[in-house]
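Here, residue 1 is the first one in the sequence, and each next residue gets the next number. None of the values given here were measured: they were computed from a predicted structure.
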Amino acid sequence: MENDRKALLKITRKQTEKQNVVKRAKIILMAGDGHKGKDIAVKMNVPEYVVTTWRKRWLDRSDDSIEERLQDLPRSGAPDTFTPEQVCQLMALACESPEDYGLPITHWTHKELAAEAIRQGIVKNISSHHLGRLLKKKTCNHTVAATG
């Protein structure tokens, strides 16, 4: 327990730590000091259910590392539309010059890149907006125009 406390204190003092992680560490420290959930909520300026959630998660995930215990859990939602291989192929295509594919342009737009990916059979279908979101999540030194 003392090692956990030292690690949590270190997290709260770390200048580059994400603020939500620091806040969670402070909640756990205050709870460990015997403060009530309502008092912690007022002091930390969060709803009481947030304190309850993080106290419970801290206890439930005791086998995980301290850093893992302070992270958000994966969110539910629709599964990824494309396989990792397809995403890699899209990234590789975005890093290529459109001129290599016989297009009379020097930079890809999301619309032209999506059309080329479909033409090459990388994906069956993809909107320029979805492609733009994928490119924003993954980075490479591609030459895709900012507007799609």
Side-chain angles (χ1 to χ4, degrees), residues 1-98 106-118 120-148:
M1 274 316 244
E2 188 57 32
N3 287 341
D4 286 357
R5 182 172 181 72
K6 285 179 184 177
L8 288 167
L9 283 169
K10 186 176 179 181
I11 288 169
T12 65
R13 295 179 183 132
K14 191 174 178 184
Q15 294 292 320
T16 57
E17 189 63 70
K18 293 179 182 175
Q19 288 304 300
N20 59 347
V21 173
V22 170
K23 189 173 275 194
R24 294 166 189 168
K26 288 179 179 180
I27 289 170
I28 300 306
L29 285 167
M30 291 175 72
D33 289 341
H35 294 278
K36 295 182 179 180
K38 188 177 281 190
D39 296 335
I40 297 170
V42 169
K43 181 154 176 91
M44 297 302 300
N45 195 29
V46 296
E48 193 171 353
Y49 77 86
V50 170
V51 175
T52 304
T53 297
W54 285 103
R55 288 172 74 173
K56 181 177 181 337
R57 192 170 296 170
W58 182 260
L59 295 173
D60 290 349
R61 298 185 67 196
S62 61
D63 291 338
D64 294 341
S65 72
I66 289 171
E67 292 78 15
E68 290 172 328
R69 293 163 82 179
L70 296 174
Q71 297 301 316
D72 284 319
L73 295 176
R75 300 197 183 264
S76 62
D80 288 338
T81 308
F82 303 110
T83 66
E85 292 80 14
Q86 287 173 307
V87 173
C88 286
Q89 289 175 327
L90 289 168
M91 294 295 117
L93 180 61
C95 294
E96 300 284 330
S97 170
T106 58
H107 293 74
W108 292 110
T109 65
H110 295 158
K111 185 176 181 179
E112 291 160 337
L113 188 59
E116 183 63 23
I118 293 167
Q120 289 188 22
I122 295 171
V123 294
K124 185 176 179 181
N125 198 4
I126 188 169
S127 73
S128 59
H129 295 291
H130 191 162
L131 180 62
R133 287 190 301 273
L134 284 174
L135 291 173
K136 190 174 184 179
K137 280 194 335 191
K138 314 283 186 201
T139 59
C140 72
N141 295 326
H142 55 75
T143 54
V144 177
T147 59

Determine the minimum heavy-atom distance between [X] and [Y], stating which atoms define it.
| X | Y | value |
| --- | --- | --- |
| L131 | A114 | CD2-N, 3.4 Å |
| Q71 | V21 | NE2-CG2, 3.8 Å |
| H107 | P98 | C-CG, 3.7 Å |

Which residues pass the salt bridge (charged side-chain N to carboxylate O under 4.0 Å, His left out) test with [X], not counting sequence neighbours?
| X | value |
| --- | --- |
| D63 | none |
| R69 | D4 |
| K124 | none |

How many angstroms lie between [atom1] in [X] and [atom2] in [Y], if you round to the nearest 0.5 Å?
| X | Y | atom1 | atom2 | answer |
| --- | --- | --- | --- | --- |
| H35 | I27 | NE2 | CD1 | 12.5 Å |
| H129 | K111 | NE2 | NZ | 10.0 Å |
| R61 | L73 | CZ | CG | 5.0 Å |

Checklist entry - Would you say the side chain of W58 lies within less than 4.5 Å of the side chain of I66, judging by non-hydrogen atoms? => result yes
Below 3.5 Å, can you tabulate the donor-acceptor pairs from side chains in residues 36-49 to any protein atom, sequence neighbours excluded?
none

Contacts of type side chain to side chain contact (heavy atoms under 4.5 Å, CB included), residue [X], not counting sequence neighbours:
| X | value |
| --- | --- |
| Q120 | L93, Y101, E116, I122 |
| A25 | L8, I11, T12, L70 |
| E85 | T83 |

Next on the checklist: For the residue pair R57 and W54, would you count it as a cation-pi contact if the rule is NZ or CZ under 6.0 angstrom from the ring centre and within 45 degrees of the ring axis?
Outcome noted: yes
Next on the checklist: D60: which residues meet the side-chain hydrogen bond (donor to acceptor under 3.5 Å, both in side chains) condition with it, sequence neighbours left out?
Outcome noted: K56
Next on the checklist: Does E2 have more than 12 heavy atoms from other residues, nucleotides or ligands lying within 6.0 Å of its CD?
Outcome noted: yes
Checklist outcome for this item: For residues 60-88, the ring pair (Phe, Tyr, Trp, His ring centres under 6.0 Å) pairs (sequence neighbours left out) are F82-H130
Next on the checklist: By the salt bridge (charged side-chain N to carboxylate O under 4.0 Å, His left out) test, which pairs, at least two apart or in different chains, include something from residues 13-35?
Outcome noted: R5-D33, R24-D72
